[in-house]
**Q** 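Pasting a structure here, questions to come.
In this text the structure is predicted, and so the values were computed from the model without any measurement. Read the numbers this way: they start at 1 and go in the same order the structure lists the ligands and their atoms. Note that the numbering runs from 1 along the sequence shown for the chain.
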Amino acid sequence: MAVVSLLRSVVFNIFYVLWTIGVGSLGIPTLFVPGRRSFAVPHLWCRGLVWGARILLGIRWRVEGLENLPQGACILASKHQSAWETLFLPMLVPKPVFVLKKELLSIPFVGWHMAKTGMIAVDRKAGASAMKTMLRGADAAFAEGRQMIIFPEGTRVPVGENPPFQPGIAALYARFGDHVPLVPVALNSGLVWGRNSFVKSPGEVVVRIFPAIEPGLDKKVFTERLQAVINGESARLCGNGDS
Ligand SMILES: CCCCCCCCCCCCCCCC(=O)OC[C@@H](O)COP(=O)(O)O
């Protein structure tokens with residue numbers, strides 16, 4: 001079995017590079033269209049890789065709670081166990097905007113389109129100025145009615161681990177929580193595509209979308225509520241809690 005998963009992972013990684021160069025090249029003209037943002041390239045790229053993972057690696061998915069996904073501007077605050085959700089979650093929303101680590105902007109093709117589609121790149125080591133960059137970017141993105149995807153943990157986390165949240169998510173809730181719904185997302189992608197694991201295994205990822213957290217909570221109550229939903233439900237989906 002391990003040999004088959006290894007071979008499938010080799011083929012998928014070759015597909016990943018070819019699909020990125022192909023879509024990235026195809027999309028180069030969109031980089032020069034002034035002003036107007038098109039999400040066609042990010043959506044095509046993500047959809048191709050997620051389906052590639054399904055066909056080549058056997059990684060299926062099931063989404064629960066789609067009815068909780070708001071129209072218009074919103075914040076998807078998601079558990080982060082794998083690169084898989086960075087590809088899958090943008091497929092669920094029309095105008096995705098990620099808060100992402102700035103290192104990603106230096107990746108050829110991918111970085112160009114991330115910059116063009118106004119992703120919010122933050123230097124995770126820059127503290128207060130990173131917070132300012134994120135809040136300014138969020139303000140502009142919500143004014144365009146975009147759906148922000150943010151990983152409160154700020155990094156991919158091994159299954160079963162629940163590190164403290166980065167300060168950004170509470171700052172977003174404090175600044176925009178009264179008019180931009182913040183929606184918790186739990187998942188178990190780390191079971192099939194772990195952090196930095198070259199070999200991926202077949203299986204079903206469950207993505208569970210919860211109703212928005214009510215506005216007006218104080219920072220401590222908000223953070224505890226969000227952690228309980230994201231970490232508690234992800235643990236259940238990973239089989240480390242009563243399902
Ligand atoms: C070729 C065309 C490419 C088009 C690209 C458009 C962008 C599509 C969405 C991809 C967004 C990726 C967002 C990643 C967010 C992020 O930065 O999360 C941090 C972790 O993951 C990695 O951190 P770590 O686990 O600490 O390595």
Side-chain angles (χ1 to χ4, degrees), residues 12-33 37-53 75-126 130-131 133-134 137-138 141 144 146-169 172 185 187 189-190 192-198 200 205 207 230 234:
F12 175 73
N13 282 46
I14 294 168
F15 168 74
Y16 193 117
V17 173
L18 295 177
W19 184 253
T20 300
I21 295 171
V23 172
S25 311
L26 204 68
I28 285 181
T30 67
L31 297 174
F32 303 99
V33 179
R37 290 196 205 287
S38 156
F39 299 97
V41 172
H43 279 136
L44 177 61
W45 184 65
C46 292
R47 199 174 292 283
L49 293 175
V50 167
W51 276 97
I75 301 169
L76 299 185
S78 176
K79 186 71 180 174
H80 197 18
Q81 295 179 343
S82 167
W84 184 87
E85 53 263 19
T86 67
L87 303 170
F88 183 80
L89 294 175
M91 287 168 51
L92 300 180
V93 293
K95 299 196 274 185
V97 59
F98 263 101
V99 176
L100 48 79
K101 58 179 186 178
K102 74 173 177 52
E103 300 92 301
L104 296 174
L105 293 187
S106 54
I107 303 174
F109 296 105
V110 176
W112 310 338
H113 289 284
M114 285 175 168
K116 176 62 184 173
T117 50
M119 301 296 173
I120 303 169
V122 295
D123 176 352
R124 295 185 290 186
K125 294 188 283 307
M131 183 75 84
T133 307
M134 185 193 67
E144 292 174 31
R146 297 183 64 176
Q147 299 76 36
M148 173 180 282
I149 301 167
I150 184 167
F151 302 119
E153 297 149 316
T155 185
R156 288 162 292 174
V157 178
V159 170
E161 292 188 18
N162 301 309
F165 286 173
Q166 299 296 312
I169 192 66
L172 285 165
V185 178
L187 44 78
S189 55
V192 294
W193 181 338
R195 183 169 194 260
N196 293 338
S197 65
F198 181 82
K200 291 112 176 124
V205 179
V207 176
I230 291 180
S234 296

**Q** Met91 and Leu87: which non-hydrogen atoms are nearest, and at how many Å?
**A** CG-O, 3.8 Å
**Q** Is any side-chain heavy atom of Lys101 less than 4.5 Å from a side-chain heavy atom of Thr155?
**A**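 Answer no - side chains too far apart.
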**Q** Check ligand 1 against Gly24 and write out every atom of the ligand that is under 4.0 Å from a heavy-atom position of the residue.
**A**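 Once the distances to Gly24 are compared, the set is 1 (C).
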**Q** How far is atom 24 (P) of ligand 1 from its nearest protein heavy atom, and which residue and atom is that?
**A**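 Answer, as residue, atom name and distance: Thr155 OG1, 3.3 Å.
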**Q** Any N or O on Trp45 sitting closer than 3.5 Å to an N or O of ligand 1?
**A** no
**Q** Any idea which part of Glu85 is under 4.0 Å from ligand 1, heavy-atom wise: side chain, backbone, both or neither?
**A**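 Neither part.
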**Q** Any ion pair linking Arg124 and Glu103 (charged N to carboxylate O, less than 4.0 Å)?
**A**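 The answer is yes: the pair qualifies as a salt bridge.
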**Q** Could you tell me whether Phe88 and Trp193 have their ring centroids closer than 6.0 angstrom?
**A**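 Between Trp193 and Phe88, which both carry aromatic rings, the centre distance is not below 6.0 Å.
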**Q** Atom 25 (O) of ligand 1: which protein heavy atom is closest, and how many Å away?
**A**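 Going by distance alone, atom 25 (O) of ligand 1 is nearest to Arg156 NE, 2.7 Å.
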**Q** Which heavy atom of the protein is the closest neighbour of atom 6 (C) of ligand 1, given with residue, atom name and distance?
**A** Pro42 CB, 3.7 Å
**Q** Which is closest to atom 23 (O) of ligand 1 by heavy-atom distance: Glu153, Arg195, Arg124?
**A** Arg124
**Q** Among all protein non-hydrogen atoms, which one is nearest to atom 7 (C) of ligand 1, and what is the separation to 0.1 Å?
**A** Met114 CG, 3.8 Å
**Q** If you compare all heavy atoms of Glu153 against all heavy atoms of His80, which two are closest, and at what distance to 0.1 Å?
**A** OE1-N, 3.1 Å
**Q** Does Phe15 have any ring pair (Phe, Tyr, Trp, His ring centres under 6.0 Å) partners at least two apart in sequence or in another chain, and if so, which?
**A**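 Ring pair (Phe, Tyr, Trp, His ring centres under 6.0 Å) check on Phe15 returns Trp19.
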**Q** Considering only heavy atoms, does His113 approach ligand 1 within less than 4.0 Å through its side chain, its backbone, both, or neither?
**A**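 Side chain only.
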**Q** Grab the two heavy atoms, one from Val157 and one from Pro163, that are nearest each other, plus how far apart they are.
**A**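 Taking every non-hydrogen atom into account, CG1-CD, 3.5 Å.
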**Q** Counting heavy atoms only, which part of Leu104 comes closer than 4.0 Å to ligand 1: side chain, backbone, both or neither?
**A** side chain
**Q** Give the residue and atom name of whichever protein heavy atom lies nearest to atom 15 (C) of ligand 1, and the separation in Å to one decimal.
**A** Leu100 CB, 3.6 Å
**Q** Select the closest option to atom 21 (O) of ligand 1 among His80, Lys102, Lys101, judged by heavy-atom distance.
**A** His80
**Q** Report, in ascending order of atom number, the atoms of ligand 1 lying under 4.0 Å from any heavy atom of Thr86.
**A**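 Under 4.0 Å from Thr86, ligand 1 has these atoms: 9 (C), 10 (C), 12 (C), 14 (C).
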**Q** Using a 3.5 Å distance criterion without hydrogens, assess whether the side chain of Arg195 forms a donor-acceptor pair with backbone atoms of Ser82.
**A**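 Not confirmed, Arg195 side chain does not pair with Ser82 backbone.
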**Q** Give the residue and atom name of whichever protein heavy atom lies nearest to atom 13 (C) of ligand 1, and the separation in Å to one decimal.
**A** Phe98 CD2, 3.6 Å
**Q** So do the side chains of Trp112 and Val41 get within less than 4.5 Å of each other, counting heavy atoms only?
**A** no
